[in-house]
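In what follows, a structure is listed as structure tokens, so that the remarks can point back to it.
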There are 2 protein chains.
Amino acid sequence: MGPKYSSSRENYLKAIFHLQEIHGTVTTNHVAGELQTRPASVTDMLKKLKAQKLLLYEKYKGFKLNTEGRKVALQIIRKHRLWEFFLVEKLHFRWDEVHEIAEELEHISSKKLIDRLDEFLGFPKTDPHGDPIPDSQGRWTLTHQVDLLNLPVNLVAEVSGIGDQSAEILELLNHKHIALGTRLEVKKKFAFDNSLEIKIRNQSVTISEHVAKNVFVKYDE
Amino acid sequence: MGPKYSSSRENYLKAIFHLQEIHGTVTTNHVAGELQTRPASVTDMLKKLKAQKLLLYEKYKGFKLNTEGRKVALQIIRKHRLWEFFLVEKLHFRWDEVHEIAEELEHISSKKLIDRLDEFLGFPKTDPHGDPIPDSQGRWTLTHQVDLLNLPVNLVAEVSGIGDQSAEILELLNHKHIALGTRLEVKKKFAFDNSLEIKIRNQSVTISEHVAKNVFVKYDE
DNA sequence: TTAATTTTTTAGATTTGTCTAAAATTTATT
DNA sequence: AATAAATTTTAGACAAATCTAAAAAATTAA
């Protein structure tokens, strides 16, 4: 049993899904930009996806994934993010190295493989960039993800991603014992320089605006 | 940077490599049989592989991999076997389930990924079927692999694979504490029923001919 | 509301890997 | 050695995914 859809089709579904999430509507040019391809190629593929009943599409009138298309897209995203988690957590890749490799791994078709991988990794809820990982039914826990500057005070949150991936910021965060998964709380915001006082494991730490902008946290609601 | 060679080309290289190992010479029909394709398709691909300088080929005169082709083939085999090891050892797949999945995983291109995986797995020397895993230079430890019936007496060997993958034999082996990696030695062969007396961790165990035929071991030389 | 611009689609070509049917070549048989 | 049989290759076709250039439709601006 080979894959149900070609890698190319899967990439289109994923791109359309992401663009839908961000912009609400999706355009041919958007998709072409996202996938580094030509608008004409996108149109070609839209027809195929429509024929496969994954997409609602009338020419010149825009398009969006239908239920089935969303379902397929979510499974690809699930695979992508689980593999990214694996690469960082088990193979010790840096967060900024894993995307490209996961782009290939996400097209491995075995459902059993991905469910076993999920189990092996301990059913992680978010990938190394802090994005949620859909479960095998395509559901994900709705968590708010914001940067530290926008985290309401006195609300416990968990570090879920870092924007800037430079060695410099990682060194700083490492020194202050801030890592993926660290639980923290903003106690005070200083209007003067937008610096923050945060609590980590009952210790008080000060963070500059520059750093705060690059630390993403999630909290349930 | 995408993959250097298409999955299809990689499959041809791997098939030719295996057939070369088994039969010495390789024929168009052989390859077609192995890859479930048509002889005409094989000829088409042979020309492409020749053009890419991976194959020595004169039409109607047979063909074989050149140094570069062998090198590429060995890297694919390395990937295939490391992934199989991963699937069995970490994700607890059965040995007979992993081949198909590894057929897909072996085409993931990142060299860094596979070297990290190798490290993560502890640099295994053989895959779950007992076949040797080439190292990142394409070398493998030359080990003799035989079934237990053909293992010379008084020679320490390591269980490297099981022929029959039925639950029944696995139960029996489990009960006798014979697993992948178990070190053992044949102490006596009974001509009457071809049963064997073997030593495992200083314990003496008797094995029937039927079982012995299905336990593969390797020993260095 | 026309005209200009942008976006999207079509038409037709290209590449990769495959196929079938027929031709060329090699191997086996009488 | 001549013929039959098997193998291998060629010729030409096809599907998938892409492209360019041109046409069609929608949007924006005058």
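All chains are named by letter (A, B, ...) in the order of the sequence lines, taking the proteins before the strands, and each is independently numbered beginning at 1. Note that the coordinates shown come from a computational prediction; the quantities given were computed from them, not determined experimentally.
Checking each of A/I16, A/L35, A/V31 against A/V42 for a side chain to side chain contact (heavy atoms under 4.5 Å, CB included) leaves exactly one that passes, namely A/V31.
Between A/H144 and A/Y219, the angle of the ring planes stays under 30°, which puts this pair in the parallel group of the 30/60° scheme. Between A/H23 and A/H30, the ring-plane angle classifies as parallel under the 30° and 60° cut-offs.
Between A/M45 atom CE and C/dT10 atom C1' the separation is 17 Å, expressed in whole Å. Rounding to whole angstrom units, CD of residue B/Q52 and C1' of C/dG17 are separated by 13 Å. In this entry the distance linking NE2 of B/H107 with C1' of C/dT16 reads 16 Å, nearest Å. Atom CG in B/L49 sits about 15 Å away from atom C1' in C/dT18, given to the nearest Å. As a whole-Å value, the separation of A/D44 CG from C/dT10 P is 9 Å.
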**OP:** Starting at the 5' end of nucleotides 1-9 of chain D, put B wherever the base has a protein heavy atom under 4.0 Å, S where only the sugar-phosphate does, and a dash everywhere else.
**Re:** ------SBB
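A donor-acceptor contact closer than 3.5 angstrom is absent between the side chains of A/N29 and A/T27.
A search for side chain to side chain contact (heavy atoms under 4.5 Å, CB included) contacts involving A/D118 returns A/R78, A/L82, A/F123, A/P124, not counting sequence neighbours.
Counting non-hydrogen atoms of neighbouring residues, nucleotides and ligands closer than 6.0 angstrom, the NZ atom of A/K64 reaches no more than 12 such neighbours.
Within residues 5-14 of chain B, no residue has a heavy atom under 4.0 Å from DNA chain D.
Between B/K48 and the phosphate of C/dT16, there is no side-chain N or O to OP1/OP2 separation shorter than 4.0 Å. An OP1 or OP2 oxygen of C/dT18 is reached within less than 4.0 angstrom by no side-chain nitrogen or oxygen of B/R38.
Using modelled atom types, one side-chain atom of A/E104 and one backbone atom of B/S109 make a donor-acceptor pair closer than 3.5 Å.
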Subject >> salt bridge (Lys or Arg N to Asp or Glu O under 4.0 Å) between B/K14 and B/E34, intermediate numbers included >> reply: CA-CA 10 Å; B/K14 198 175 49 137; B/E34 184 86 356; over 6 Å; no
